[in-house]
Undergrad: 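The structure's right below; bear with me while I get my questions together.
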Amino acid sequence: MPPVGALLRRSLRTPLVFGSSTDVGKTIVTTLLCRAATARWGHERISYLKPVSTGSLDDADARHIIRYAPRVMAQTLYQYDSPKSPHSAARESEQLIPTDQELLAKIHHVADLSKTPGWLFIETAGGVHSPVPSGTTQADMYTPLRSPVILVGDSKLGGISQTISAFESLHLRGYDVASIALFRDDVYRNFEYLVDYFGEKYNIPVRTLATVPERELNDQLEQQNMQTYYKEQSQAVDVVNILERFDTCHRHRISDLEQMANRAHKHIWYPFTQQKHLSSDQINVIDSAHGDYFQMLHQSPEPGNLLQPSFDGSASWWTQGLGHANPKLTMAAAYASGRYGHVMFAGSIHEPALSLAENLLNNMHNPRFSRVFFSDNGSTGCEVAVKMALRAARTRYGWNSHAKLGILGLKGSYHGDTIGAMDCSEPGIFNEKVEWYEGKGYWFDYPTVKCTNGRWIVDVPETLKADLGEGKEYESPAKILDVDGREQAHEARRYEAYIEKVLKMLSRRGQKFGALMMEPIILGAGGMIFVDPLFQRALVHVVRRSAHLFGNSSGGSWRESIDWNGLPVVFDEVFSGLYRLGQYTSASFLGTHPDISVHAKLLTGGLIPLCTTLASESIFNAFSSDDKSDALLHGHSYTAHPVGCQVALESLNEMRQLDANGAWNAFKNRGWGECTTGGVQIWSVWSSEFVVHVSRQVTHVESIWALGSVLAITLKSGGSAGYKSTAAQELQSRMRQGSVDGSWSVNSRVLGNVFYIMASQTTTESTVTGIERLILKALSMG
């Protein structure tokens, strides 16, 4: 089933009527609105939809509408006999229980039938958090529709609290509440308080309606009284005002969306974008996002939907893990915001920060780590890591503070856009025109892993073949990632000899280095490069046993310990860590522990910026002194902000539960299914058959790889290669055009001639299969 998006049509208004609780008069209010709409917009189609109804068919809300608003087209999607909560009634029924996706799709289908301008009133069941048949609460289930809400408040005793609580539940989930309707009760007079409360605080009008006549035991008299009530009150000013405000908001919403790209083109300076070549019609206008999908403006002829679901193929620059608008993360953020806001962190502690630090240290399973430093993003986290490493090396080797220190790294690596992190990368497109850039270090070339024409190979660059020999083919990626087995087969010997030769050459030149810094397994911004893990492991081992080449002239034997040796080893796991590649840490694939590691992006599930830099006690002790100037003088005003820490805790716990509960088992059985070093199972959401199939599209595809949630396709480039290439833009454009029926698309970023897509940790198997088909179709069009 294709994804279900937001519901927005140019000439169809779709109020979603929620009740602050059960029995507050939602159906009566909706009937008044239907009749008022018929009188005011009588030339248009007025419809009513009750997606889920429980209880006797004679008392069904749709029948009430038909009886008292006979010109309205009324229907119910799912009617359950038992007068209970829909989830309980559905389980007692013999009917199949619809999924949330199926229920939303049927609502869209009803809207599709409205080919002419008009209104579609969608009335929910019970209160805001009453469950739908699947068990999901209504507040969460209806969120993807993004239909503005008319909230029926509670006029009874306790109704002030109920109404405010219902509103806050909707507000937290991104609903736009257009108006609040409330019956005038002369006993409790809740409206007097709520009119001021919502007007002053949120600028939301509270419209008061005449109370309903007392129920008559005589059915004929009851119907006469209600007919009179509806006839008179549907013309009331407050009822008409609810509709007029909704209509105005609807038109303004569409107008604003259609103007946003032009306004943005005039005022926004975009990152990583040559705006000379950017036109306003190339700017994606995103109305909302839910799960794996953006809801993007999609100009379609009448009466089509103006918003189209578009899969977030870059995981919003690699941050998304648990889906957009995840209610658990939203509530975690709201809780910490309400409890703390932000508090000064230097010399203080609060529960979210301490719990997060202990959570990370416990689950990294790195015996070296004992300390956690907080910052705001991956770039600054990497700068912190470099400061830590350089100080530790300078202190141990007795270098003075003016000694020029570099870092050892890998070609194509990139650790961020701040100046210090940028200096840790070799000269390239990201820094070649930055005036303050001074690349400080040496960057090794290395073999890479790829699938080409159905074969998994470790490919050796021409410049290294004299030292490392030719590349080698393996029967599966698991064999390549089995670094223990490959090391026992002596495959690392040539790597180590080459690395030692380079380090000796650098030592003879008199160059000083303070750290080995690299992204484990995958170099992200450098072009989604899959580095041979055995080379990275060999690099760590050689560096750690080579103190005599860095500053310890007496040499000495090397032994494995939790203290750092040779140089501090820094792993930048900002992109590759925290289940991105299928494991908690990408370091686990290498079977070795860094002295410092940096974690961001998936840390907070894509909701809020936060970064942590983890370090060993021996690194920490390098800053211990009676002189305050020897401290790590680095920090941010929002260091360890409680909202970010609380969200990170929720995100990490949720991902660990997904792993422990077998949520990814279907993916783990998609043809990868082998264990590597330390019993680490490699797996991917992308099927092995699909990867091999794409690798054989040799006319267009140079190579491909997949691991965890990430898929990267390197396309053949006739002109310039690398980041400046435009080879992947055609595939990107075809994916944006979307499915054959135009119901959804894929939004992606490219890195030159590399087209990549990554799923979230909650993406379904059916979604991945749909994207695979779309990729194959797009490649076949080339």
Side-chain angles (χ1 to χ4, degrees), residues 410-412 444-496 498-499 518-524 526-539 576 581-582 586 589-591 670-677 680 682-684 686-708 710-717 721-722 727-728 751-756 779:
L410 300 177
K411 288 181 178 294
F444 285 87
D445 204 353
Y446 45 82
T448 56
V449 178
K450 57 186 67 174
C451 184
T452 301
N453 199 13
R455 301 176 300 122
W456 282 96
I457 62 173
V458 171
D459 187 39
V460 177
E462 287 294 330
T463 55
L464 296 184
K465 286 183 178 179
D467 291 294
L468 305 183
E470 297 292 328
K472 184 177 178 181
E473 183 177 339
Y474 294 80
E475 62 184 76
S476 72
K479 296 299 183 184
I480 297 174
L481 284 160
D482 182 12
V483 290
D484 274 352
R486 292 176 63 196
E487 195 172 65
Q488 291 167 12
H490 309 300
E491 291 185 28
R493 286 182 176 178
R494 297 187 76 165
Y495 287 172
E496 292 182 352
Y498 163 70
I499 294 166
M518 59 185 178
E519 301 164 82
I521 305 294
I522 306 299
L523 308 189
M528 293 296 166
I529 305 168
F530 193 156
V531 184
D532 183 1
L534 185 61
F535 184 87
Q536 290 191 313
R537 175 155 145 153
L539 185 53
S576 62
L581 303 181
S586 53
F589 290 106
L590 304 184
R670 295 193 79 181
W672 304 93
E674 297 177 71
C675 291
T676 65
T677 295
V680 174
I682 78 154
W683 61 277
S684 175
W686 311 96
S687 70
S688 58
E689 294 84 357
F690 164 75
V691 170
V692 170
H693 186 64
V694 171
S695 77
R696 290 181 170 139
Q697 311 297 305
V698 294
T699 304
H700 311 293
V701 175
E702 178 184 299
S703 63
I704 182 175
W705 64 262
L707 188 62
V710 188
L711 173 76
I713 304 173
T714 301
L715 297 165
K716 291 184 176 179
S717 177
L751 293 165
N753 63 324
V754 177
F755 175 85
Y756 71 88
L779 286 172

Undergrad: Only one of Arg486, Arg494, Arg537 forms a salt bridge (Lys or Arg N to Asp or Glu O under 4.0 Å) with Asp532, so which one is it?
TA: Arg486

Undergrad: Are the side chains of Asp459 and Pro447 in contact, using a 4.5 Å heavy-atom criterion?
TA: no

Undergrad: Which residues satisfy the side-chain hydrogen bond (donor to acceptor under 3.5 Å, both in side chains) test with Tyr446, sequence neighbours excluded?
TA: none

Undergrad: Measure the spacing between CG of Leu590 and OG1 of Thr676 and express it to the nearest 0.5 Å.
TA: 10.0 Å

Undergrad: Looking at Lys479, I'd like to know if its NZ atom is crowded, meaning that more than 12 non-hydrogen atoms belonging to other residues, nucleotides or ligands lie closer than 6.0 Å.
TA: no

Undergrad: Donor-acceptor pair, distance only, cut-off 3.5 Å: does the side chain of Gln536 make one with the backbone of Val531?
TA: no

Undergrad: Among residues two or more places apart or on two chains, list those pairs meeting salt bridge (Lys or Arg N to Asp or Glu O under 4.0 Å) that have a residue in residues 695-705.
TA: none

Undergrad: Over all heavy atoms of both residues, which pair between Asn753 and Ser717 is shortest? Give the atoms and the distance, please.
TA: CB-CB, 4.2 Å

Undergrad: Do Trp705 and Ile522 have side chains that approach each other closer than 4.5 Å (heavy atoms only, starting at C-beta)?
TA: yes

Undergrad: Taking the side chain as everything from C-beta on, heavy atoms only, tell me whether Phe755 gets closer than 4.5 Å to Thr714.
TA: no

Undergrad: Tell me the closest heavy-atom pair linking Thr452 and Ser703, and the distance in Å.
TA: OG1-CB, 3.5 Å

Undergrad: What I'd like to find out is whether the side chain of Ile480 reaches to under 4.5 Å of the side chain of Val458, using heavy atoms alone.
TA: yes

Undergrad: What residues, two or more places apart in sequence or in another chain, satisfy side-chain hydrogen bond (donor to acceptor under 3.5 Å, both in side chains) together with Tyr498?
TA: none

Undergrad: Do Leu751 and Tyr756 have side chains that approach each other closer than 4.5 Å (heavy atoms only, starting at C-beta)?
TA: yes

